[in-house]
Amino acid sequence: MESESKRKKESPNTAELAVTASFPDEVLEIVLSLLTSHRDRSSVSLVCKDWYRAERWSRTQVFIGNCYSVSPEILTRRFPNIRSVTLKGKPRFSDFNLVPPNWGADIHAWLVAFAAKYPFLEELRLKRMAVSDESLEFLASNFPNFKLLSLLSCDGFSTDGLAAIATHCKNLTELDIQENGIEDSSGSWLSCFPESFTSLEVLNFANLTSEVNTDALERLVSRCKSLKVLKVNKSISLEQLQRLLVRAPQLEELGTGSFLQDLTARPYADLESAFNNCKNIHTLSGLWEAVPLYLPALYNSCANLTFLNLSYTALQSGEFAKLVVHCPRLRRLWVLDTVEDKGLEAVGSNCPLLEELRVFPADPFDEEIIHGVTEEGFVAVSFGCRRLHYVLYFCRQMTNAAVATIVQNCPNFTHFRLCIMTPGLPDYLTNEPMDEAFGAVVKTCSKLQRLSVSGLLTDLTFEYIGKYAKNLETLSVAFAGRSDRGMQCVLEGCPKLRKLEIRDCPFGNEALLSGLEKYESMRSLWMSACNVTMNACRRLAKQMPRLNVEVMKEDGSDDSQADKVYIYRTVAGPRRDAPPSVLTL
Amino acid sequence: MSQDTTVDSPESSDGASLMSFDTELTLGLPGESRSPARAPAFAQGHKKNCTKRGFMETVIDLNLGTSHISMPRGQNSESRVSGTGKYPAAKAQVTGWPPVRSFRKKTLEGSSKLVKVAVDGAPYLRKVDLQIYSSYQDLFRALEEMFTCFTTRGDDNMEERKLTGALNGREYVPTYEDKDDDWMLLGDVPWKMFVESCKRIRLMKSSEAVGLAAPRTPTNC
C-alpha cells in the first residue's frame, strides 16, 4: 500500500492510475472478504494500517481458541461485523475431570456483548463452555437472524434451554448438541418447533436420553425439506426410524436410534427399503445396541459411506467384519475395541481409502484383563490403508517395531494419538521404553501436527520430538519422561507448538521456566501432577505480564506445590471470574 | 503357583525418580502377600512382566492339567483364572486416565448389558452384550466364534481347543454368576430372566464342575 501511495505522488495523474492508486477501502474489503481462513486474515491484518482496517471491517467469522485470550469488549471493538463466532473454553483435560467445577468459561458475558454489538449474529459454535438455560433463552430472544447453534462438550444447561431455542429461533438451520453434560428432563423441547418452521438442515440430538414426541419429530422432518443431517437418540426405535427415513430420502448424514427391536419380516423389509431409498447417506452413526441380525438392512447404504461411527456399539469382530466388507469407500471409521484385531484386519482388507481411524476402549477402567486391540490390528490397518493420516488408538500393549512398521506404511500422519492404557508400560516384547516408537513417528511423519504419547518413555522421546517434529502444534504427555530436559527439548525444538498438555511427569521448575518466551507464541500450557512450585509460577507470572498463570489448588495439598497449572497468553489481562480454587498469579 | 519374572528395565539404575505419583497399582490373587518392594512399578522404573501384556504385577495362574499354555508371541507363564473370577479391588483408579470422556463412559455403561466371559484355559476375558442375543443358541454361537478365533491364533505350542460342540456340556460347562452371587448353569432359567440376572459368565472345564448339577443340554428359550 505504501508503494502505491508513493506512486501516486510521483507519477502523472492518468486515468489508469487514478483507479489503481488509492485502492479504495471498499474494494480491498471485498477482496479480503474472500479470505476465510482466520490465520490468513491474521496475517493480512499485520501488513499495514489500511489492510488492518479493511480486514476488520470485512471479517464476518471469528475463531477464538481460548475464550480468555481476549475479552468480549476487545473483540467487538475490533470487529464490528461478525456473524459467526466459534469459542473454546476449558482446557481439554476438563474432559477427564481434571478441572474443578465452576472453573469458568461462561458464555453469558459474551452473549450480552454480542446482543449489543452483533444483533445480526447468525452462528455460534461452542466447545467446553459453561452454558446455562438463561443463556440459551437470552440467545433465543436477542438474535432474530440466528441460524446455527453447535454445542460440543458444554455443560450447565438442560432441555429447557433447548426448548427456548426451538420456540424462538425462526430462522434456525442447525441445532447440533454433542456430548454435553446436559440435564435431560424431558423430550418435550422438540415439540416446541412451531408448525410453520421449515428451515432446519441439521438436527443432532443423539446425546439426549429422554423420549421425544415421535409424531412431532415426524412432522418436523416432513416439512423441513432441506434437512441433510438427522441424528436421533436412543429412544427412537427401528420402526420409527423407518418412518423418518421415508420422509427424508435426501438425508446425507444419519444417526440412528436404538437398533434393538424385535422386527418381524415385514418391518425389516420396510427398513431395508427405507435405507436403500436414501441414496445420499455418506455418514452413519448411532446404532446403539446394534443387533447383528438387523445390520444387513444397512449393507446397500454402506456402499457410499465415507464416515461410519460405531463407537457406541459393542460389535464383535465377526459381525463387524461382515459389515465392513460392504464399506469400500470408507474414509473415516470410529469403532470400539470389541472388534479386536480381527475386525481391524477386515478394515485393512476392505477400506483402501481410509484416512482416519479411531478405536475407543469399551472398558477402559476395568481391573481385569479384557481383550481389546493390540499392535497387530493397527499394523494390519496400516498395510491396507496407506492414506491413513489420523489415528486415535487405545490399546493395552504395543511394540516399538510395530509403530515403526506402521509409520513406514503410512508416512503421512498428521494426527498420531496413541494411548497405551497402562501408564508407563514398556514394549511388551523387548521390555524397552517406547522411545523408538515415537522417534519413528516424528522422524518419518514430517507433516505431524498433533501427537499424544504413552507407555514407558524416557527423555529420549522428547529429544526426538524437539529435533524432528517441526510441524507439531499439539502435544499431550502423561506419565512420561525422566527429567526437566525432556520438556526443555520440546520447548526449544518445536517452532510451531501451540498447545502443550502434561500430566504426571517429572518436569519441574527448570523446565517450566525454560519456556518463558515460548509461551507467548503458544495458546496454552497445562501441567498437572508434575514438580512445579508456586514460587516458580509466581516468577513466571511476574516476568511475563501478557500471560495468565493460573494455579488450581487441591484440598490438603502442600502449599508450596503447584498441583495444576494452566498458562495461556491473553490480551485481556487476568480474568475476574475465577472461582476460589483457581489462583491467578 | 505363580511365576514372577522381574525384569530390570535399563532405566532402573537412574537416580531419583521425580515422580509424585500417589497411585498404588497392585494386583494379585487373594491371599497373596505383598512385599514392600512391590511399590508402583511405574514410579521405580521396574517392570514385572508376568503376562504377555506386561500388565503391572498381575499374576494369573492358568491351570490346564497336563499342558502348559504358552502365551502367544513367545512368553511363557502358567496361570489360572481363579474360581470366583474376582481380583482384589486394590487398584486405585488414576483420575482421568485413560483419557476417555466421562460422557462416553456413561453412555456405554447405560446402553448395554455387557458381561464378562471367562473361559478356563484362556488368559483373556471377553465381554458380550447380552441384549443383542435373543436366545441361548444365539449366545453360544457367538461365544464359539469368539473363542475359536482366539484359540486358533497364537503360536504352535498352544493346543487348539475348539469349542465347537464343546458347549453341549462335554468339555466345557457354561456357568454364570447371578445377582445373588450364586454360580448357576446356563440354560436353567428362561432367557430373559437370565439376561436380567447374569453378572458374568464362565465356561468351566467339566473336570472342575464339581458342586454344580450334572451338565445337560441348555434349554431353548
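Chain letters run A, B, ... following the sequence lines, proteins first, then strands; residues in each count from 1.
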Worksheet entry | Any residue meeting side chain to side chain contact (heavy atoms under 4.5 Å, CB included) with A:Asp155, in chain and number order, not counting sequence neighbours |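 So A:Asp155 forms a side chain to side chain contact (heavy atoms under 4.5 Å, CB included) with A:Lys90.
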
Item to complete: Could you tell me which of A:Thr338, A:Leu98, A:Thr313, A:Asp363 has the largest number of non-hydrogen atom pairs under 4.5 Å with chain B?
Response: A:Asp363

Discussion item. Looking only at the side chains, is there a donor atom on one of A:Thr399 and A:Asp427 sitting less than 3.5 Å from an acceptor on the other?
Written reply: no

Item to complete: Please identify each residue that fulfils ring-ring contact (aromatic ring centres under 6.0 Å, His included) with A:Phe360, with sequence neighbours left out.
Response: A:Trp334

Worksheet entry | Exercise: identify the closest heavy-atom pair between A:Ser454 and A:Ile420 |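 Closest pair (atom of A:Ser454, atom of A:Ile420, distance): OG-N, 2.8 Å.
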
Where does [X] contact chain B at under 4.5 Å (heavy atoms): side chain, backbone, both or neither?
| X | value |
| --- | --- |
| A:Phe394 | side chain |
| A:Ser153 | side chain |
| A:Leu315 | neither |

